Amino acid sequence: MLAYILSCIVDLLPEPAMTRIARYFIFLALLVPLMACETPVERGAFPDITFAHLPAIALDVAEIRIVKVYVPPLKRPHVDHEFPVPPLRAAERWVKDRLKAVGQDGVATVTIHDAGVTESRLGRMGGIKGTFTTEQSERYDAAVEAAIEVRGGKGLRVASATARTERNRTVPEDISLADREKVWFALTEDLMREFDRTFE
């Protein structure tokens with residue numbers, strides 16, 4: 001729109017006094033400073049989600065390994081890669097903060113099978129009532145699933161367990177990016193809090 005307005009201003013300049021090339025130079029000289037005035041959208045600063053304040057879960061193994069089966073698709077409807085703290089990162093942090101190897105041999109392998117979030121568009125009410133109503137426009141469905149398998153010094157499986165938790169949130173149509181990120185952060189916190197309880 002700004003470019004169009006500037007183009008119209010330049011066109012109003014008298015033709016004899018202005019060659020075509022000079023007119024374009026003036027157009028660019030007016031446009032560049034205006035483009036520089038655009039302020040980038042700043043993302044909010046969020047703390048990492050940690051579990052170090054909770055007592056460690058002692059495992060009678062010499063080593064704890066993390067295997068990430070889940071790979072973020074990095075395209076919609078998957079949006080977990082856009083989160084301030086992606087669930088995959090929070091799940092890895094949970095393993096590092098909560099599980100502690102205290103044995104002489106054996107390995108505990110934690111496999112993260114799912115840590116994704118998908119976005120779904122919600123139906124609109126429409127009509128006069130819909131015009132004057134702030135509706136929920138998107139829903140975010142998050143899930144974390146992980147399995148732990150403990151093998152002894154001879155490689156024999158000693159124990160295993162699996163935990164999966166799911167949570168969702170909706171957001172209104174007029175939500176700002178900053179508030180949307182706050183919802184995403186709260187969703188990850190709630191998801192991991194329930195995951196911690198389930199796995200423990």
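The structure presented is a predicted model; accordingly, all values stated were derived computationally and were not measured.
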- Apply side-chain contact (heavy atoms from CB on, under 4.5 Å) to the pair Thr188 and Arg89, showing each step before the final yes or no. CA-CA 10 Å; Thr188 304; Arg89 192 169 88 201; over 6 Å; no

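- For residues 102-118, every residue pair satisfying the salt bridge (charged side-chain N to carboxylate O under 4.0 Å, His left out) rule, not counting sequence neighbours, is listed here: Asp114-Arg164.
- If you check the side chains of Thr170 and Gln136, you find a donor sitting under 3.5 Å from an acceptor.
- Put simply, NZ on Lys182 and CD1 on Ile175 are 9.5 Å apart, with the number rounded to the nearest 0.5 Å.
- The structure places NE2 of His81 at 13.0 Å from CG of Leu88, a figure rounded to the nearest 0.5 Å.
- When each of Val144, Thr111, Asp80 is checked for a side-chain contact (heavy atoms from CB on, under 4.5 Å) with Tyr70, only Asp80 meets the rule.
- Atom CZ of residue Arg93 and atom OG1 of residue Thr50 lie 5.5 Å apart, to the nearest 0.5 angstrom.
- Between Trp184 and Phe83, the ring-plane angle classifies as parallel under the 30° and 60° cut-offs.
- Contact annotation: the side chain of Asp190 approaches that of Arg169 to within less than 4.5 Å [non-hydrogen atoms, C-beta and beyond].
- The cluster map of Ile, Leu, Val, Met, Phe, Trp and Tyr, joined by side-chain heavy atoms under 4.5 Å apart, puts Val79 and Val171 in the same cluster.
- Residues Leu99 and Val69 do not share a hydrophobic cluster, clusters being chains of Ile/Leu/Val/Met/Phe/Trp/Tyr side chains in contact below 4.5 Å.
- The shortest non-hydrogen separation linking Ala143 to Glu166 is CB-CG, 3.9 Å.
- Ion pair Glu200/Arg197 not flagged as a salt bridge, since none of the NZ, NE, NH1 or NH2 atoms sits closer than 4.0 Å to an Asp/Glu carboxylate oxygen.
- When all heavy atoms of Gly152 and Val158 are compared, the closest pair comes out as N-CG2, 3.6 Å.
- Interatomic distance, CZ of Phe199 versus CD1 of Ile148, reported as 5.0 Å (0.5 Å rounding).
- Taking CD of Glu82 as the start and CZ of Arg180 as the end, the distance is 9.5 Å to the nearest 0.5 Å.
- Of all the heavy atoms in Gly103 and Asp60, the pair that sits closest is CA-OD1, 3.3 Å.
- Of the charged side-chain nitrogens involved, none lies within less than 4.0 Å of a carboxylate oxygen, so that Arg193 and Asp196 do not count as a salt-bridged pair.
- Cluster annotation: Ile57 is connected to Val61 through the hydrophobic network of ILVMFWY side chains, with a link wherever side-chain heavy atoms come within less than 4.5 Å.
- In plain terms, the two heavy atoms of Ala91 and Met192 that are nearest each other are CA-CE, 3.7 Å.
- Distance CG/Leu187 to CD/Glu181: 13.5 Å, rounded to 0.5 Å.
- No side-chain heavy atom of Val85 sits less than 4.5 Å from a side-chain heavy atom of Glu189.
- Considering every non-hydrogen atom in both Ala52 and Asp97, the closest pair reads N-OD2, 3.4 Å.
- The cluster map of Ile, Leu, Val, Met, Phe, Trp and Tyr, joined by side-chain heavy atoms under 4.5 Å apart, puts Val67 and Val150 in different clusters.
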Next item on the list: Decide yes or no on salt bridge (charged side-chain N to carboxylate O under 4.0 Å, His left out) for Glu138 and Arg121, but give the supporting numbers first.
Entry: CA-CA 5 Å; Glu138 288 94 24; Arg121 297 278 182 181; 2.6 Å; yes

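- Both Trp94 and Leu54 are part of a single hydrophobic cluster, where members link through side-chain heavy atoms under 4.5 Å apart.
- For residues 146-176, no pair satisfies ring-ring contact (aromatic ring centres under 6.0 Å, His included), with sequence neighbours left out.
- Between the Glu173 side chain and the Glu135 main chain, a donor and an acceptor come within less than 3.5 Å of each other.
- A pairwise comparison of heavy atoms in Pro84 and Phe46 identifies CB-CD1, 3.5 Å as the closest pair.
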